[in-house]
Amino acid sequence: REFAVAAVGLILFVGLATTVCTRKPPHADETIDAEIAINLVQLGKPVAYAFSYSTPGELAPTAWPVYEYALAAWLWTWGVSRPAVVAFYISIVAIVSLLILATVRRSGLMPSPAARLTMAMAIPWLPAVVSVYSKSRYDAMGMLGLTIAAIALTIHRPWLRFGLLAEIGR
């Protein structure tokens with residue numbers, strides 16, 4: 001039941017935060033970080049024109065290829081638009097909140113469902129987290145990776161736990 005309440009709250013959060021974040025001018029990181037994925041969807045190749053460390057129109061170096069391909073899949077599904085890009089980042093933050101809720105519940109660190117739910121709903125409003133998604137930076141993917149690693153530590157089967165940790169660390 002607490003996951004359902006958290007999911008509904010976080011869906012509302014995604015809608016509200018997307019509306020608020022698209023009302024301001026885009027941050028430079030938002031343009032640079034989303035460009036490769038947008039070009040992958042529109043041109044069919046991961047090239048960059050705004051990225052300062054590559055020749056315009058050539059394959060772009062990227063620190064997070066998983067992020068670029070995940071964003072490209074999102075944009076292919078929802079269409080290429082600024083609200084779609086912003087909603088992607090904010091949705092990752094919402095998923096991170098749900099995974100942290102699951103991690104804390106599985107580990108038994110917080111026995112109170114009300115405390116767990118409060119924590120999960122408060123995470124997206126933390127100043128550092130707001131900074132990540134308001135600038136549409138790919139840092140949310142790092143948060144997702146760390147959260148998956150944390151939930152992997154609560155898995156009791158060693159082969160599954162180590163396999164998941166090895167895959168995340170790859």
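Below, all heavy atoms of this structure are taken into account, side chains as well, without hydrogens, waters or symmetry copies.
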Enquirer: Indicate the atoms forming the closest heavy-atom contact of Ile155 with Arg161, along with that distance.
Expert: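 Looking at all heavy atoms of both residues, the shortest contact is O-NH1, 2.6 Å.
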Enquirer: How close do Leu164 and Ala152 get, counting heavy atoms only, and between which atoms?
Expert: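 Reported closest heavy-atom pair: CD2-CB, 3.5 Å.
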Enquirer: Using side-chain heavy atoms (C-beta onward) and a distance below 4.5 Å, is Leu165 in contact with Ile168?
Expert: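 In short, these two side chains do not touch, never coming nearer than 4.5 Å.
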Enquirer: Please examine the side chains of Ile92 and Met141, heavy atoms only from C-beta on, and report whether any two atoms are closer than 4.5 Å.
Expert: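 Met141 reaches Ile92 side chain to side chain.
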Enquirer: Ignoring hydrogens and angles, tell me if any N or O in the side chain of Arg116 forms a donor-acceptor pair with the backbone of Met110 under 3.5 Å.
Expert: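 The answer is yes, because a donor-acceptor pair under 3.5 Å joins these two groups.
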Enquirer: Using 0.5 Å steps for rounding, measure from the CZ atom of Arg106 to the CG atom of Leu153.
Expert: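 If I round to the nearest 0.5 Å, the distance is 11.0 Å.
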Enquirer: Return yes if some donor-acceptor pair links the side-chain N/O of Thr154 with the main-chain N/O of Ala150 below 3.5 Å, else return no.
Expert: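 Checking the backbone N and O of Ala150 against the side chain of Thr154, no donor-acceptor pair under 3.5 Å is found.
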Enquirer: Is it possible for you to say whether Tyr69 and Trp78 belong to one hydrophobic cluster, with membership spreading through side-chain heavy-atom contacts below 4.5 Å?
Expert: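 No, it is not one cluster - the side chains of Tyr69 and Trp78 are not joined through contacts under 4.5 Å.
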Enquirer: Is there a continuous path of hydrophobic side-chain contacts, each under 4.5 Å between heavy atoms, that joins Leu146 to Ile90?
Expert: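 Hydrophobic grouping puts Leu146 apart from Ile90.
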Enquirer: Going by heavy atoms in the side chains, are Leu40 and Trp76 under 4.5 Å from each other?
Expert: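 They are not in side-chain contact.
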Enquirer: Give me the atom names and distance for the closest heavy-atom approach of Ala84 to Gly79.
Expert: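 The pair with the smallest heavy-atom distance is CB-O, 3.3 Å.
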Enquirer: Does Ile148 share a hydrophobic cluster with Phe162, counting links as ILVMFWY side-chain heavy atoms below 4.5 Å and allowing steps through other members?
Expert: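 No, because Ile148 and Phe162 fall into different hydrophobic clusters, even though each may have its own neighbours under 4.5 Å.
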Enquirer: Which atoms form the tightest heavy-atom contact between Leu117 and Leu101, and what is the distance?
Expert: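 Answer, listing the atom of Leu117 first, then Leu101: N-CD1, 4.1 Å.
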Enquirer: Please report the interatomic distance CE(Met119) to OG(Ser112), rounded to the nearest 0.5 Å.
Expert: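 Spacing of CE (Met119) from OG (Ser112) equals 11.0 Å.
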Enquirer: side-chain contact (heavy atoms from CB on, under 4.5 Å), that's the test. Do Tyr89 and Asp33 meet it? Break it down for me.
Expert: CA-CA 11 Å; Tyr89 298 108; Asp33 293 344; 4.0 Å; yes
Enquirer: With side chain to side chain contact (heavy atoms under 4.5 Å, CB included) as the test, pick out the partner of Thr147 among Leu98, Ile95, Leu99.
Expert: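 In the set Leu98, Ile95, Leu99, the residue that makes a side chain to side chain contact (heavy atoms under 4.5 Å, CB included) with Thr147 is Leu99.
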Enquirer: Which heavy-atom pair separates Pro111 from Leu109 by the least distance, and what is that distance?
Expert: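 Closest approach of Pro111 to Leu109, heavy atoms only: CD-O, 3.8 Å.
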Enquirer: Within the distance-only criterion (no hydrogens, no angle test), does the side chain of Asn39 pair as donor or acceptor with the backbone N or O of Pro46 below 3.5 angstrom?
Expert: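 Checking the backbone N and O of Pro46 against the side chain of Asn39, no donor-acceptor pair under 3.5 Å is found.
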Enquirer: Ignoring hydrogens, what is the shortest heavy-atom contact between Ser91 and Trp74? Give both atom names and the distance.
Expert: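 Closest heavy-atom pair between Ser91 and Trp74: OG-CH2, 3.5 Å.
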